[in-house]
Structure formats: structure tokens, C-alpha cells
Amino acid sequence: FPLPPIDEQRRIVAKLNELLPLVETYGKEQEALQKVEKEFPDKLRASLLQEAIQGKLVPQLESEPGVEQIGVAPEDVPFEIPEKWRWMQLNKVGKIVGGGTPKTSLSEYWDGGTIPWFTPADLGKVQGLYASDSARKITALGLRESSAVMMPPNSVLFSSRAPIGHIALAADSCCTNQGCKSFVPNVGIVLPLWGYFAMKARTPDMITRASGTTFKEISGKGVGETLVPIPPLEEQRRIVTKLSELLNVVRQLENSVLIP
């Protein structure tokens with residue numbers, strides 16, 4: 001092994017003793033930085049979503065009319081919203097739709113099926129806003145002879161168990177299994193994209209109201225009773241446009257800067 005003169009050994013050892021703590025500190029700082037880089041996009045998305053549903057993302061306009069209350073106005077609200085907005089239950093501004101599974105032993109319910117049939121696992125794999133393809137599809141007979149329900153495009157597909165909270169907009173007409181409780185919005189009151197963002201933001205509330213021992217599940221009734229903030233339609237359009245732009249910027253940062 002290389003053996004320097006004794007005085008040089010002393011100088012080298014002294015310098016190593018000086019630098020090694022810095023290396024250790026640098027390593028910890030790098031780990032902390034990597035953690036921040038990993039968590040930052042999700043935290044930024046959550047912050048933007050919260051700003052959106054609290055009415056802080058775009059200005060309110062005097063020219064826009066206020067929202068008419070449907071159902072009883074709640075006394076206890078999750079947070080304050082602008083004056084023209086209203087808190088309403090999902091089942092007052094749309095329809096909650098459950099799902100079902102055709103008998104798997106009957107091939108005529110599945111073979112050659114063309115109807116998208118989404119499960120929580122399918123929704124968990126969706127990249128972006130829209131769910132366009134499912135792992136399995138069912139036939140018209142399978143749909144007719146099961147509790148699955150056909151929903152129109154732009155329905156908000158929502159997993160109600162295993163886990164609660166996978167969410168996507170339906171790209172086309174489709175149905176789901178019983179692990180989903182989806183929302184078909186009344187488009188005269190709620191834009192599909194606003195319904196998507198509102199349900200996404202209110203998912204923690206639904207999780208707290210879920211029940212079950214093996215796994216938590218929220219019922220269709222529970223989903224329907226979820227309070228969501230409803231802005232005027234034109235403001236909904238401005239908010240979802242702005243929020244979509246900002247989320248796209250976050251996605252670009254995530255892909256090109258923060259996470260190589």
C-alpha cells in the first residue's frame with residue numbers, strides 16, 4: 001500500500017478528519033433534497049386544488065349571478081367560500097351511480113365484450129384526467145343482467161373501496177364494478193371537470209366517514225351526502241381552465257426538472 005512520509009500522513013489524516021463530517025452532512029442534505037423533490041409536486045398539486053375549491057385561484061366577477069341553493073344549506077361547513085358560492089351535497093347536483101359485476105362463470109357476459117367496465121384497479125392506473133380503457137369489458141347481455149349501470153361520457157368515476165379515492169373522468173360511455181360509486185353531474189349546475197376536482201379535494205372527508213374492518217368503504221349514500229362547494233358555472237369554467245394550466249406546469253416541472 002502507498003506509504004507517505006510520516007509528516008505527510010499527519011497532514012492527510014488531519015484534512016480527512018476535517019472533511020469527512022462535511023461529506024456526511026452533504027449526504028444528509030442530498031437525502032433531504034431528494035425527499036423534497038419527490039414530495040414537492042404532490043404537495044403543490046394539493047395546494048393548488050385547495051386554492052381552487054376555496055375560490056382563491058381566480059377573481060369573482062360582479063356580473064356573474066350567485067348560485068341557487070338546492071337542498072338545505074348546511075350549518076357546519078368545512079371552510080369559508082365566496083359569497084355567491086353554495087355548499088351542496090353531491091346527490092343534490094347529480095346522480096350517484098353504483099356498479100356491479102356480471103357472473104364471471106358465464107362467458108356470454110364477457111367474451112367479445114365492448115363495454116368498458118372499470119374497477120378501482122383500473123382507475124388507479126389512469127394517467128391524466130380521463131379513463132378510456134379498462135382491463136376487461138362486458139357484453140350488452142352482461143350489462144343487462146347485472147347491477148352494472150351504463151354512465152355517459154364525462155361521468156366522474158370514483159373508487160369507494162380498496163382504496164377510496166381513485167378518480168377519473170369517463171372518456172366514453174362505460175360502467176364500473178361495485179367497488180366504485182360514481183357521480184353523473186347535472187351539467188346545468190356542475191361542470192364535469194369541477195365535479196372531478198371537487199370530489200378529489202373532498203376525498204379525505206369521505207375517507208373519515210367510511211366504515212369497514214377488512215378495508216374501508218364508503219357507501220353510495222355516503223358519497224351522495226358529501227358536501228362540495230359550487231361556484232357559478234362561468235366561474236367554474238374559469239377555475240378549471242386556470243387549474244388545468246397550472247397542473248400542467250407542475251407536470252412539466254416534475255418530468256423535466258425535479259425528477260430526472
Side-chain angles (χ1 to χ4, degrees), residues 39 41-57 67 69-99 118-120 123-124 126 129 131 151 154-170 176-186 189-232 235-236 239-240 243-244 246-247 250:
E39 295 178 353
D42 286 339
K43 289 186 176 181
L44 182 54
R45 275 187 281 262
S47 177
L48 290 171
L49 184 57
Q50 197 63 29
E51 291 284 297
I53 67 167
Q54 290 183 358
K56 298 177 181 179
L57 203 58
V67 176
Q69 183 73 45
I70 301 175
V72 178
E75 295 183 2
D76 296 324
V77 297
F79 48 80
E80 293 300 317
I81 55 176
E83 183 179 353
K84 292 183 179 181
W85 294 28
R86 296 292 180 268
W87 281 103
M88 288 188 262
Q89 293 180 329
L90 281 173
N91 57 18
K92 298 296 190 295
V93 293
K95 183 179 180 182
I96 306 301
V97 178
F118 290 98
T119 67
L123 298 182
V126 172
L129 293 173
M151 292 175 287
N154 288 314
S155 297
V156 185
L157 310 179
F158 186 83
S159 67
S160 56
R161 67 183 189 194
I164 297 171
H166 286 329
I167 187 169
L169 287 168
T176 71
N177 77 348
Q178 58 270 36
C180 300
K181 304 293 184 292
S182 301
F183 174 62
V184 181
N186 179 340
I189 303 172
V190 181
L191 297 178
L193 198 51
W194 180 260
Y196 169 94
F197 286 130
M199 289 184 71
K200 191 175 182 69
R202 298 293 290 139
T203 294
D205 169 70
M206 287 189 261
I207 292 174
T208 63
R209 292 183 287 114
S211 59
T213 51
T214 305
F215 50 77
K216 294 291 185 180
E217 179 174 11
I218 186 163
S219 66
K221 181 175 183 291
V223 172
E225 292 173 347
T226 301
L227 287 170
V228 293
I230 306 296
E235 188 172 352
Q236 289 181 40
I239 293 172
V240 299
L243 184 56
S244 297
L246 293 172
L247 291 176
V250 175

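Just the heavy atoms: all of them, side chains too, but no hydrogens, waters or symmetry mates, feed the values below.
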Please report the shortest heavy-atom distance between [X] and [Y], naming the atom on each side.
X	Y	result
Leu123	Ala168	CD2-CB, 4.2 Å
Pro192	Leu169	O-CD2, 3.7 Å
Phe158	Ser182	N-OG, 3.5 Å
Ser155	Val184	OG-CG2, 3.5 Å
Val126	Ala131	CG2-CB, 3.8 Å
Pro120	His166	O-CD2, 3.3 Å

Keeping [X] on the side-chain end and [Y] on the backbone end, is there a donor-acceptor pair under 3.5 Å?
X	Y	answer
Gln236	Leu191	yes
Arg209	Ile218	no
Trp194	Pro229	yes
Arg202	Val228	no
Ser244	Val240	yes
Ser160	Gly179	yes
Ser159	Gly165	yes

Using 0.5 Å steps for rounding, measure from the [atom1] atom of [X] to the [atom2] atom of [Y].
X	Y	atom1	atom2	value
Trp85	Gln54	CH2	CD	8.5 Å
Glu51	Leu246	CD	CG	10.5 Å
Ile189	Arg86	CD1	CZ	13.0 Å
Leu44	Leu247	CG	CG	8.0 Å
Ile53	Ile239	CD1	CD1	10.0 Å
Ile164	Thr208	CD1	OG1	9.0 Å

Could you walk me through whether Leu227 and Gln89 pass side-chain contact (heavy atoms from CB on, under 4.5 Å), step by step? CA-CA 4 Å; Leu227 287 170; Gln89 293 180 329; 3.9 Å; yes
Counting only heavy atoms not in Lys84 (residues, nucleotides, ligands), do more than 12 fall under 6.0 Å from its NZ? yes
Per the side-chain contact (heavy atoms from CB on, under 4.5 Å) rule, which among Ile96, Asn91, Asp205, Thr203 passes with Thr226? Asp205
Please assess Val223 against Met199 for the test side-chain contact (heavy atoms from CB on, under 4.5 Å), listing each intermediate value before the final yes or no. CA-CA 9 Å; Val223 172; Met199 289 184 71; 4.2 Å; yes
Any Met88 side-chain heavy atom under 4.5 Å of Val190 side chain: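 No; the side chains remain at least 4.5 Å from each other.
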I would like to know whether Lys181 and Glu217 meet side-chain contact (heavy atoms from CB on, under 4.5 Å); could you show each step before the answer? CA-CA 10 Å; Lys181 304 293 184 292; Glu217 179 174 11; 3.7 Å; yes
Audit row: Thr176, Met151, side-chain contact (heavy atoms from CB on, under 4.5 Å) steps and yes/no: CA-CA 9 Å; Thr176 71; Met151 292 175 287; 3.7 Å; yes
Show which side-chain atoms of residues 69-77 pair as donor or acceptor with protein atoms under 3.5 Å away, not counting sequence neighbours.
unit_1 : atom_1 : unit_2 : atom_2 : d
Gln69  : NE2    : Trp87  : O      : 3.0

Run the salt bridge (Lys or Arg N to Asp or Glu O under 4.0 Å) test against Glu235 and tell me which residues pass, sequence neighbours left out. none
